[in-house]
Amino acid sequence: MSQEKVDRRKYEKKNRKTLEKKRKARFAAKCITAAIVIGVIIGVPLGINIYRKIPKFVGDSTLQSFVGDYIEENHNDELQTVKLIDAAREAAADNPEDTSEESSEDSSKESTEAASEETSEDTTEADTEASSEE
């Protein structure tokens, strides 16, 4: 072996870790670059074709029919629940006697809550006055 080869082997043996890191970094950079180039080669023409196939204007009737079909296919159970709730509200509106009883119960609850709040405010005011007098 020539002296040049011996020196090169000594250098490679001495700096094996750093040389291996550089080799791995170069390999990773090459892979990433290749992936980007392949993605561009495939993606750009594909994206252009997809963009050209998208309709530029959708009429109102077409959009309404599409949305209506979508809702009927995917949310039919929820629609029936909403219809039942609306029917119950209409029935409650037809019978005002039932709602007046509920409103009187609600007003009595509100009045008792208001009274309890007033008494709690009075007691806190009295406590602060007593502590200030001391």
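Side chains are part of it too, since the values below use all heavy atoms of this structure and drop only hydrogens, waters and symmetry mates. The first residue in the sequence is number 1, and the count goes up from there. Note that the structure is predicted; figures quoted are calculated from it, not measured.
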Within this structure, what is the [atom1]-[atom2] distance for the pair [X] and [Y], rounded to the nearest 0.5 Å?
| X | Y | atom1 | atom2 | value |
| --- | --- | --- | --- | --- |
| Leu46 | Ile41 | CG | CD1 | 13.5 Å |
| Asp7 | Arg9 | CG | CZ | 12.0 Å |
| Cys31 | Ile36 | SG | CD1 | 11.5 Å |

Does the side chain of Glu12 reach to within under 4.5 Å of the side chain of Arg8, using non-hydrogen atoms? yes

Does a salt bridge link Glu20 with Lys17, judged by any charged N lying under 4.0 Å from a carboxylate O? no

Of the non-hydrogen atoms in Asn15 and Thr18, which two are nearest, and what is the gap between them? O-OG1, 3.0 Å

Are there over 12 heavy-atom neighbours, none belonging to Glu4, within less than 6.0 Å of that residue's CD? no

Within one Ile-Leu-Val-Met-Phe-Trp-Tyr cluster: Ile48 and Val40, side-chain cutoff 4.5 Å: yes

Run the numbers on Arg26 and Lys22 for side-chain contact (heavy atoms from CB on, under 4.5 Å), then give the verdict. CA-CA 6 Å; Arg26 279 191 223 112; Lys22 288 180 183 179; 3.9 Å; yes

